[in-house]
Amino acid sequence: MKYPEYKQPLNYGQLGEDILAWWKEHGIFEKSVSSREGQPTFVFYEGPPSANGAPGIHHVMARTVKDIFGRYQTLLGKQVPRKGGWDTHGLPIELQVEKELGITKEDIGKKISVEDYNQRCKETVMRFKAQWDDLTEKMGYWVDLNDPYVTFEPEYIESCWALLKKLYDKGLLYKGYTIQPYSPAAGTGLSSHELNQPGTYKDVKDTTIVAEFKVVWDEKAKQLFAGGDESDEIFIMAWTTTPWTLPANTALAVGSKIKYVAVNTYNPYTLKRQIVVLAKDRFTSFFDLMGMEETVGVGSHAWARGIDPAEVAVGNTPRHFLLGNELNEDQKNEVLAKNKLTVWEVVEEFTGADLVGLHYERLFGQEAGFPAFEGEERAFRVIPGDFVTTEDGTGIVHISPTFGADDFRVAQQNNIPALMVMDDQGKLSPIVDRTGRYVTQMGEFGSRWVKNYDGHDDTAADYRTLDVDISVRLKERSRAFKVEKYEHTYPHCWRTDKPVLYYPLDSWFIKTTAVKDRLIELNKTINWKPESTGTGRFGNWLENLVDWNLSRSRYWGTPLPIWRTQDRTEEICIGSIAELKAEIDKAVAAEVMTHNPYANGEKVDLHRPYVDDIFLVSPTGQPMYREPDLIDVWFDSGAMPYAQWHYPLENEGQFQKNFPADFIAEGVDQTRGWFFTLHALAVMLEDSVAFKNVIANGLVLDKNGNKMSKRLGNAVDPFATIKQFGPDATRWYMIANAPPWDNLKFDPAGVTEVQRRFFGTLFNTYSFYALYANLDEFQTSEFDRVPHAELSELDRWVLSKLQSLIVEARGHLDNYDPTKAARAIQDFVTDQLSNWYVRLSRRRFWKGELTQDKRAAFETLQECLVVVAQLMSPIAPFFGEWLYKNMTDGMRAEAVAKNTPLAPESVHLTLLVEADLARIDPKLEERMELAQRISSLVHGLRKKHLLKVRQPLSKILIPVFNRQEERQLSLVSEIICNEVNIEEVRAVIDQGENIIYGIKPNYKELGKRLGKNMKAVASMIEALPSEIIRQFKESGSWLFILDSEQAFSIPSTEVEFFPKSIVGFDIAADEKVQKAMKAFGVPEWRVTKDGPLTVALDITITKELRQKGIARELVSRIQNLRKERGLNINNLIHITLANSAPAELHEAVASLGSYVREETQTLSIDFAADVNGGSVLEFDDYSVPVRLEVATA
RNA sequence: GGGCUUGUAGCUCAGGUGGUUAGAGCGCUACACUGAUAAUGUAGAGGUCCGUGGUUCGAGUCCACGCAGGCCCA
């Protein structure tokens, strides 16, 4: 059986399709799982994509990463089940449906029933499934598409319910509130989508206030204001555009790194002396520098004309000597002469972190008739807030946890209570009710509207907003620093045009904070690629964890399985369909429901609206209604380890076997999505990680680094790409070009390059092998091979490199670094295998009979190709398969009969070779590298001095340091000779005085020991004359005296010696001198060096060499002629050259004719007067007519 | 605004623990080679290693502060 041969260029797209068809026909994917039955499992979780849009090129990237490790682990012998999945719920689908129907959320239940709406969602969500499946196949992503989990199926939802109930039973599911945009006028919450409608943000003029919060003079305050005492009234200033939230204030937030100052000054309204605290950067917004230009700091001060500091100096501590407590009328006018305060003195400076922990007095306390509240003792503290800036205000933010999302979050993190009061029904509520007015308990402001929600004529002269009244009260009490109208943009309800409030609305939560420490602890056991995503992005997220808000007020999703009585005293969490049915039966019995809709085994749909029509009955006989929320879709996907098996309702064994995952991979944008929900649920439900290894891959951008979008037209079509370049080049490019976790700039030119450089080279190498193996009708066998010890130096070298490659590639893949693996494979194939091994071995493949040496060459190359096929197959599954099959199909029958490693019909069913460490020979690899470097240097010399490679030269001379190096060199000298066409490599060993050395300090060693004296000593070393260098080298150390003071003995290990010249010729010698010497028969040398390696080339061309050169020229010309004529490699020919050829050609044929004939498959070379009808051979200096005749066989 | 991340040749990327000449591939230019030939070899041009400070005898590498791009969060 012959090795298949192919025409150039290979059609890679077609190759992909052919292999795909073959896989399908032979069920290779199924076999790759079933053939590993009983072996250890490698668990992989598929992060479910949503099929409501067409797949893009970035999906090819993400799925290549996933696919690589499934295939790789299969090669290692593990069983890798890959259950596919679809994410089907969520807002994007709802929005798409609404867009297509031309409706809004408002219309649901009116223009369209919830039932029809959800039906439409269900149809929409799988619309692109066929395209997805198609891409999955074509790109070679192996995942089970026949039995995927689908999140909208009743069994899946039921599992989610069961898990929710588990959490509920553990007390981890509770109802609380979050701060959301709320329209009191419409009485409804607004989604961020609604808030982003055009025209909702409007410019409005509001009363704003810089309020003053009085610091409590406790230990912390004493520490911070060391120079002050209790009589100094110290205030923290905070600005707000919503003064109505001030009575709900419970904390003040500062930026930890922001600098703050305390300023001794006067209250602008009451003119009482006071110390105020604000951000240093905001100082000049409130205080006039009075002509000072320097930056303010402690001790900076200014006072207005007419105020003599001595006159007012009655302060009782040294810090306050400038300002007195009272001002006379003139002074008051001075202080207020400008919009900013003109009398001030900076007394302290600190960072926000210093301020944290200060206590202050409640602005509207019980003494003023405002209500007490729960947790009050924990309130009124300064806390850090990451959102604090110094762009406006005072650099200190007033926190009211009930009326701001940041406020709420930062309060929760710092254990700050919200100010809640009991409403009429005995329920805790914020100080503003749902209609937008203060609750009655709010003292003098009770029942006031916080904004104009009741339709007052706000242009009337007597109209006073609550904001204004609160500000007036604060001014009177010396608690206001600045009150002014301020224009800013503020969101408004798109339906009522009234201002939106940020308001606490009911929500269900999972108490993730209860397991925060465990989440953090277990996260540390996860192998994140890249590590920084785990420690940084994910780790920080866990450190700042808040409870998981599950509630979504939507239609298409998993409903919350909780039913409650109207008075909220009784509730039930349903954990299964069976339980639901049982509860319905009870409800029917109690006549809460008329009948059980599931009684007769009808198909259960747990979506809305069906579940909303189910009413249950409480133990006390009250009817119970379902909490109307849906749950966060991220719960769906985070629940897939359980719900994909319908666990915990069944399949416990399946679940246990597949939990946790060994490996998952998704985009880095999933960090707080899927990665988190998987982790959170696993920790809460199983006290375990959900995945042990994870790759968080980056984005795929266009070639200019811009995000791809259909709108911009720069999106790359994955189908077209795969068709054009084939799946393998596409995958290989994506993996080899940049690590998956970096963003990839997708440039089709890069795919072309990969195709040419890597796949093209590999294909050429295969074609080369196939061509000559077929000519010799050679077929490798797994047995009966040339013993390793009898292989040539080059064979053993490439096999050593191959073993090193196996070690390296496996190591990288074990470490989840496919990029390094791909690059290592690529470098081996292009640089080592093709450009060195094959190039230098070509003759062995085509020359003569099938000798042992030729067999050795075939077997070596065969082994390399088969191993490369295996190693590359996880990344380039189609080409790897193609190469494997081409290389081994002819051996299959025997392999199957003897059950050898090559028995599997597909590379993806094989077991990956282990490196044979005994075949790794570091010395051999080292000397081959030496040969490569020397060859490169000689090529360089030839090029520089216009000496064609075809012209043989007699020798090169290489100085070596010792016998060991000499031996290394001698072992590869033949290879060097062949490669650069010279006849001898001569090593010159240091024997006495024949080599002159240069010297270079080893800065690393020297610097370590000498420190700052290093430079001086180094320059002394460099200045050493060559006689001293020789003595230094021989004695092993040398003494250097610095400034006649310090002596340093430098051992030879701290310097490097290198051969500078060899006695007999000199690197530095002028070429003219050399030419003169040539006249006296001295060989002419050309010398070059690279680091410690020096090469001298004898460029003398003797008559004999000249003849050999001509013979080679002749061979080359005849070969060209053969090719021109389209002759086959095994055609024999006769050559007739014109008599007119120069004498040297006659002589060359006479002396080297047999060599020429052998090289060119020529039976005879003759000279004749007449070669009519022939061609012309063009030599450098002349041309010769020639006639070529094909010998008849 | 915060967290994370990236910034090295025209382009895509390498550059353990700091060490004095910063590399590769592609592209470009020139030359060479020619039974793997739409391949290959050699050489050349091409760099403020994002910037500014600092640590150090010595910084692409370590530290601080910035700038620019990206992602997530607000």
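Hydrogens, waters and symmetry mates are skipped; everything else that's a heavy atom, side chains included, is used. Per chain, numbering begins at 1; letters A, B, ... match sequence-line order.
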So what does [X] hit on the nucleic acid, given a heavy-atom distance under 4.0 Å: a base, only sugar-phosphate, or nothing?
{"X": "A:Gly750", "result": "nothing"}
{"X": "A:Tyr772", "result": "sugar-phosphate"}
{"X": "A:Pro739", "result": "sugar-phosphate"}
{"X": "A:Asn1002", "result": "nothing"}

All ring-ring contact (aromatic ring centres under 6.0 Å, His included) counterparts of [X], not counting sequence neighbours:
{"X": "A:Tyr1155", "answer": "none"}
{"X": "A:Phe858", "answer": "A:Tyr769, A:Phe778, A:Phe845"}
{"X": "A:Tyr837", "answer": "none"}
{"X": "A:Trp548", "answer": "A:Phe635"}

(request) May I ask you to verify if any side-chain N or O of A:Asn737 is less than 4.0 angstrom from the OP1 or OP2 atom of B:U12? (result) no
(message) With a 4.0 Å cutoff (strictly under), does any side-chain N or O of A:Lys948 reach OP1 or OP2 of B:A32?
(response) no
In whole Å, measure the gap between the [atom1] atoms of [N] and [M] for me.
{"N": "B:C13", "M": "B:A43", "atom1": "C1'", "value": "23 Å"}
{"N": "B:U12", "M": "B:G27", "atom1": "P", "value": "15 Å"}
{"N": "B:G53", "M": "B:U6", "atom1": "P", "value": "25 Å"}
{"N": "B:A22", "M": "B:A9", "atom1": "P", "value": "14 Å"}
{"N": "B:A45", "M": "B:G3", "atom1": "C1'", "value": "44 Å"}

Tabulate atom names and distances for all N/O pairs under 3.5 angstrom spanning the protein and nucleotides 37-44 of chain B.
{"residue": "B:G41", "atom": "OP1", "partner": "A:Asn835", "partner atom": "ND2", "Å": "3.2"}

[atom1] of [X] versus [atom2] of [N]: gap in Å, rounded?
{"X": "A:Leu10", "N": "B:A36", "atom1": "CG", "atom2": "P", "result": "19 Å"}
{"X": "A:Phe758", "N": "B:G25", "atom1": "CZ", "atom2": "P", "result": "17 Å"}
{"X": "A:Trp541", "N": "B:C72", "atom1": "CH2", "atom2": "C1'", "result": "10 Å"}

(request) Output every pair passing salt bridge (charged side-chain N to carboxylate O under 4.0 Å, His left out) with a member in residues 754-776 of chain A, not counting sequence neighbours, ordered by first then second residue. (result) A:Arg757-A:Asp831, A:Asp776-A:Lys854
(message) Strictly by salt bridge (charged side-chain N to carboxylate O under 4.0 Å, His left out), give each pair with a member in residues 533-544 of chain A just once, sequence neighbours left out.
(response) none
(message) So, using salt bridge (charged side-chain N to carboxylate O under 4.0 Å, His left out) as the criterion, who are the partners of A:Asp547 when residues are at least two apart?
(response) none
(request) Determine the sole option in A:Arg839, A:Arg842, A:Arg843, A:Arg942 for which the salt bridge (Lys or Arg N to Asp or Glu O under 4.0 Å) test with A:Glu979 is passed. (result) A:Arg839
(message) Pairing check on B:U56: which nucleotide meets the Watson-Crick or G-U wobble criteria with it, both distances under 3.5 Å?
(response) none
(request) For residues A:Ala729 and A:Gln755, report the shortest heavy-atom separation together with the two atoms involved. (result) CB-CB, 4.2 Å
(request) Could you run through nucleotides 4-10 of chain B and give me one letter per nucleotide, 5' to 3': B if any protein heavy atom sits under 4.0 Å from the base, S if only the sugar-phosphate is that close, - if neither? (result) BS-----
